[in-house]
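Before I ask anything, let me first share the structure, which is written out below as structure tokens.
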Amino acid sequence: MAICSAHTTTISLRSPCTTTVSNAAAGLVQKQVIFLTSINRRSGSRRRGGGVSRTLLQVSCSADGNKPVVIGLAADSGCGKSTFMRRLTSVFGGAAEPPRGGNPDSNTLISDTTTVICLDDYHSLDRTGRKEKGVTALDPRANNFDLMYEQVKAIKQGQAVQKPIYNHVTGLLDPPELITPPKIFVIEGLHPMFDERVRDLLDFSIYLDISDEVKFAWKIQSVGTALKASRPASKPGNQISMHILIRRSSTLTP
Ligand SMILES: Nc1ncnc2c1ncn2[C@@H]1O[C@H](COP(=O)(O)OP(=O)(O)OP(=O)(O)O)[C@@H](O)[C@H]1O
Ligand SMILES: O=C(CO)[C@H](O)[C@H](O)COP(=O)(O)O
């Protein structure tokens with residue numbers, strides 16, 4: 001059994017509080033990792049006794065043993081998976097970067113604790129192949145779920161794998177890259193939950209449920225940003241909120 005919770009709480013620095021996350025109600029004994037980050041905010045006037053308050057984001061993950069925790073992040077193309085993962089990995093610790101010295105078109109991000117792989121790398125058909133067969137990348141027939149399952153299972157068991165790379169620049173499948181087991185392993189893409197065998201390996205599942213209206217706005221914005229690459233586009237910030245469904249999985253045996 002694995003449990004994940006994430007919440008924010010605003011505290012005054014003058015009266016710090018301790019938040020305890022307990023799973024006692026569920027009657028579980030587990031190892032638990034708690035990640036904390038803080039954002040300083042100025043609240044009210046200093047003269048009126050206001051000052052700096054701190055918003056703590058607490059993310060608590062637990063699973064059994066020393067095996068990597070496996071998180072599945074699903075969303076349609078352009079729905080903010082990469083953006084969300086960059087923010088989440090920074091909460092988990094350290095900036096996420098592509099593998100050093102590897103393929104410059106790698107889709108993988110690695111930070112101190114976390115490795116994020118993109119499930120586009122398990123496309124079984126390249127761009128031309130999909131065109132010839134008349135299927136999109138969303139079609140299960142365009143994806144190699146057997147290999148996805150074998151490799152996610154191997155990582156979870158602490159074994160390194162040679163994962164293929166789908167090159168979004170060329171539309172071809174590139175030679176594989178080495179992925180070693182991290183503390184937290186994230187698989188993000190169109191179908192982390194489609195195949196039952198892969199789904200059963202997930203400790204936590206996240207679905208970014210983005211309305212069509214927002215999705216199209218982001219897509220237009222990202223295409224516009226790419227077109228204006230020579231002129232930095234202004235970031236819209238976080239005005240648009242994401243509706244995130246976090247499902248608790250019970251796939252690990254206690
Ligand atoms: N929370 C957000 N608020 C505003 N814009 C966002 C947010 N999340 C993502 N975007 C914008 O939406 C666009 C797509 O985001 P992103 O590249 O993270 O999606 P993706 O799901 O990883 O895409 P793909 O499937 O094509 O790899 C980008 O322009 C990004 O800046
Ligand atoms: O992002 C995607 C899915 O997550 C792409 O739609 C899919 O991988 C095909 O890529 P491309 O259009 O570069 O051939």
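Whatever order the structure lists ligands and atoms in, that order sets their numbers, starting from 1.
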Handout entry: Qualifying residues under salt bridge (charged side-chain N to carboxylate O under 4.0 Å, His left out), relative to D105, sequence neighbours excluded
Key = none

Problem - Side-chain donor-acceptor pair present, E177, T108, cut-off under 3.5 Å - result: yes

Problem - N/O separation below 3.5 Å, R87 to ligand 1 - result: no

Exercise for the section: Decide whether the shortest distance between a heavy atom of C79 and an atom of ligand 1 is less than 4.0 Å. Expected result: yes

Exercise for the section: Determine, for D146 against R197, whether the closest basic-nitrogen to carboxylate-oxygen distance falls under 4.0 angstrom. Expected result: yes

Practice task
Output the list of atoms in ligand 1 that are nearer than 4.0 Å to some heavy atom of S77, sorted by atom number.
Solution key: 25 (O), 26 (O)

Handout entry: For L201 against V70, the heavy-atom pair lying closest together
Key = O-CB, 3.7 Å

Exercise for the section: Answer yes or no: does an N/O atom from W218 fall short of 3.5 Å to an N/O atom of ligand 1? Expected result: yes

Practice task
Take atom CD of Q162 as the centre, draw a 6.0 Å sphere, and report whether it contains more than 12 heavy atoms from other residues, nucleotides or ligands.
Solution key: yes

Practice task
Name the option, out of A74, G80, S82, A75, that contains the heavy atom nearest to atom 19 (O) of ligand 1.
Solution key: G80

Practice task
State plainly whether the residues K156 and D203 are in salt-bridge range, i.e. N to O under 4.0 Å.
Solution key: yes

Practice task
Name all pairs fulfilling the ring pair (Phe, Tyr, Trp, His ring centres under 6.0 Å) condition that reach into residues 113-135, sequence neighbours left out, sorted by first residue then second.
Solution key: H123-Y166

Completion exercise
Pocket residues around ligand 2 (non-hydrogen, under 4.0 Å) come out as S77, D120, H123, R127, R130, A137, Y166, H168, L190

Completion exercise
Across all chains, not counting sequence neighbours, the side chain to side chain contact (heavy atoms under 4.5 Å, CB included) partners of R86 are S82, T83, L109

Exercise for the section: Would you kindly specify which portion of E188 sits under 4.0 Å from ligand 1, judged on non-hydrogen atoms: side chain, backbone, both or neither? Expected result: neither

